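Every heavy atom of this structure was used, including side-chain atoms; hydrogens, water molecules and symmetry mates were not. Keep in mind that this is a model prediction, so the values were computed, not measured. Throughout, numbering of the chain's residues begins at 1 and tracks the sequence.
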Amino acid sequence: MRMRPTLSWTPTEDLPPGTTDPGPVADALGGGGVLVLSGAGISTESGIPDYRGEGGSLSRHTPMTYQEFTADARARQRYWARSHLGWRTFGRARPNAGHRAVAAFGRHGLLSGVVTQNVDGLHQAAGSEGVVELHGSLARVVCLSCGAVSPRRELAGRLEEANPGFAPVAAGINPDGDADLTDEQVGDFRVVPCAVCGGVLKPDVVFFGEAVPPRRVEHCRELVRRARSLLVLGSSLTVMSGLRFVRQAAQAGTPVLIVNRDPTRGDRHALTRVELSLGPALTAVAGRLGIAVDDRPAAG
């Protein structure tokens, strides 16, 4: 039986203090071969809240688990009602300075790769190439019966047709694109089936309690093996899906650097943790390296 996923983490040891000096990050990037591992914190400046920071969504919202989604039709109804509403806001989010800085580092050949725990597609919208979406993408939908994959925008259109006038006011939007709605607001929301076989549709993301596909994990492990250093951006590293790569790098003697405002579960493995917001920190790093961060509107 799979245990309920870890949603929170409390330090049980004295962790090394953070710093506000982004110099070590600039030094690592200057040497090239940096693998970026990003989390929800890099997207907060785009209007998407994180899970665990100050005001994070876990303080008011428990994410849907894979077990709940697959076992309970009512749970799927709640999820799709909330996700459909959240998608309208989530889909309008645009890359911020942090995303654009990562893309600029990539264009200048300083990165060996980008792995993101986020499902928002903002790294790609900022211009980063070859991004590994560790937890999948909200832009795709998969059928649990036949495996057909389709664009989220197509499902959004079908849900609009099935639920005309559905426009409740949400209390908030979460990092997984899920809006906070009461059962009364969900009401009799209609869920649509797979257009190919009539099966159950699920966003092409890894839910809490669901395993990341093994081949994807091994691909990320290979990226860690090849990297000169690992740069963690905006992740608390609470869940093992990201922490395992930090542990792997540390065990191999590969320097780990973290930019996150709060302590993380990986701090004891890190050379340094920079206690700054991602946008200002990475913009400062880019400035030290003489790299211009493109501030033009990115593609949606």
Side-chain angles (χ1 to χ4, degrees), residues 1-9 40 43-44 46-93 117-121 135-145 150-195 197-211 236 238-239:
M1 178 181 295
R2 187 185 296 274
M3 301 297 290
R4 187 166 182 79
T6 299
L7 299 181
S8 61
W9 165 77
S43 293
T44 57
S46 293
I48 299 174
D50 63 12
Y51 284 110
R52 300 172 180 86
E54 184 178 352
S57 68
L58 288 182
S59 63
R60 65 176 190 279
H61 163 78
T62 300
M64 175 68 66
T65 66
Y66 180 77
Q67 291 76 14
E68 291 171 313
F69 186 88
T70 55
D72 187 348
R74 176 62 179 166
R76 290 194 293 274
Q77 180 197 38
R78 288 195 303 270
Y79 175 83
W80 279 119
R82 293 156 56 164
S83 185
H84 178 55
L85 183 64
W87 176 252
R88 298 171 183 171
T89 299
F90 201 84
R92 290 194 295 268
Q117 296 173 285
N118 299 338
V119 296
D120 53 36
H135 295 157
S137 172
L138 277 178
R140 300 184 300 268
V141 179
V142 63
C143 175
L144 295 181
S145 297
S150 56
R152 177 63 179 264
R153 63 178 180 274
E154 291 184 4
L155 175 64
R158 294 178 62 203
L159 288 174
E160 291 283 358
E161 292 179 3
N163 299 277
F166 181 75
V169 177
I173 304 296
N174 304 304
D176 54 4
D178 193 6
D180 291 329
L181 295 178
T182 65
D183 287 345
E184 290 74 18
Q185 288 176 304
V186 171
D188 57 356
F189 185 87
R190 292 182 56 201
V191 177
V192 298
C194 172
C197 74
V200 172
L201 293 175
K202 171 183 172 291
D204 193 15
V205 301
V206 177
F207 279 10
F208 281 88
E210 182 180 7
S236 68
T238 295
V239 296

> So which atom in Arg78 and which in Asp183 form the shortest heavy-atom distance, rounded to 0.1 Å?
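Of all heavy-atom pairs spanning Arg78 and Asp183, the closest is CD-OD1, 3.2 Å.
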> Just jot down the ring-ring contact (aromatic ring centres under 6.0 Å, His included) partners of Phe166, sequence neighbours excluded, or say none.
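Phe166: ring-ring contact (aromatic ring centres under 6.0 Å, His included) contacts with Phe189.
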> Roughly how far, to the nearest 0.5 Å, is CD of Gln117 from OG1 of Thr238?
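One finds 9.5 Å between OG1 of Thr238 and CD of Gln117.
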> Could you list the residues that satisfy side chain to side chain donor-acceptor pair (under 3.5 Å) with Ser150, not counting sequence neighbours?
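For Ser150 there are no side chain to side chain donor-acceptor pair (under 3.5 Å) partners, ignoring immediate neighbours.
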> Could you go step by step and tell me if Val141 and Arg152 meet the side-chain contact (heavy atoms from CB on, under 4.5 Å) rule?
CA-CA 6 Å; Val141 179; Arg152 177 63 179 264; 3.8 Å; yes
> Can you name the residues that form a salt bridge (charged side-chain N to carboxylate O under 4.0 Å, His left out) with Glu160, not counting sequence neighbours?
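Per chain and number, Glu160 pairs via salt bridge (charged side-chain N to carboxylate O under 4.0 Å, His left out) with Arg88.
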> How would you list, by chain and number, every residue that makes a side-chain contact (heavy atoms from CB on, under 4.5 Å) with Val142, sequence neighbours excluded?
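By the side-chain contact (heavy atoms from CB on, under 4.5 Å) rule, Val142 matches Val149, Lys202, Asp204.
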> Indicate the atoms forming the closest heavy-atom contact of Tyr79 with Pro203, along with that distance.
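Of all heavy-atom pairs spanning Tyr79 and Pro203, the closest is OH-CG, 3.3 Å.
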> At their closest point, which heavy atom of Gln185 faces which heavy atom of Leu181, and how far apart are they?
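Smallest interatomic distance, heavy atoms only, reads OE1-CA, 3.3 Å.
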> The criterion is side-chain contact (heavy atoms from CB on, under 4.5 Å); which residues satisfy it with Arg153, sequence neighbours excluded?
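Here the qualifying residues are Pro151.
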> Start with the C-alpha gap between Asn163 and His84, add the side-chain angles, then the distance that decides, and say whether side-chain contact (heavy atoms from CB on, under 4.5 Å) holds.
CA-CA 10 Å; Asn163 299 277; His84 178 55; 5.7 Å; no
> Before you tell me yes or no, could you show the steps for Trp80 and Val192 under side-chain contact (heavy atoms from CB on, under 4.5 Å), namely the whole-Å CA-CA distance, both residues' side-chain angles and the distance that decides it to 0.1 Å?
CA-CA 9 Å; Trp80 279 119; Val192 298; over 6 Å; no
> Go through the structure and list residues passing side-chain contact (heavy atoms from CB on, under 4.5 Å) with Pro193, not counting sequence neighbours.
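In terms of side-chain contact (heavy atoms from CB on, under 4.5 Å), with neighbours along the sequence ignored, Pro193 is linked to Arg158.
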> Counting N and O atoms only, with roles assigned by atom type, does the side chain of Arg76 sit under 3.5 Å from a partner on the main chain of Thr70, one being a donor and the other an acceptor?
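Yes; judged by distance alone, with no hydrogens or angles, the pair exists.
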> Please find the pair of heavy atoms, one from Leu201 and one from Phe69, that lie closest to each other, and give the distance.
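It is O-CZ, 3.2 Å.
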> Atom CD in Glu210, atom CE in Met64: separation rounded to 0.5 Å?
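Here the rounded value is 12.5 Å.
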> Measure the spacing between CG of Leu85 and CG of Leu159 and express it to the nearest 0.5 Å.
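Reported value, rounded in 0.5 Å steps: 11.5 Å.
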> Shortest non-hydrogen contact from Gly199 to Ser145?
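In this case the closest contact between Gly199 and Ser145 is CA-OG, 3.7 Å.
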> Is a side-chain donor or acceptor of His135 paired with a backbone partner of Val119 at a separation under 3.5 angstrom?
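No.
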> Do any N or O atoms from the side chain of Glu68 and from the backbone of Ala75 form a donor-acceptor pair under 3.5 angstrom?
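Absent.
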> Who pairs with Ser43 by side-chain contact (heavy atoms from CB on, under 4.5 Å), at least two apart in sequence or on another chain?
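Result, side-chain contact (heavy atoms from CB on, under 4.5 Å) vs Ser43: Ile48, His99, Asn118, Asp120, Leu122.
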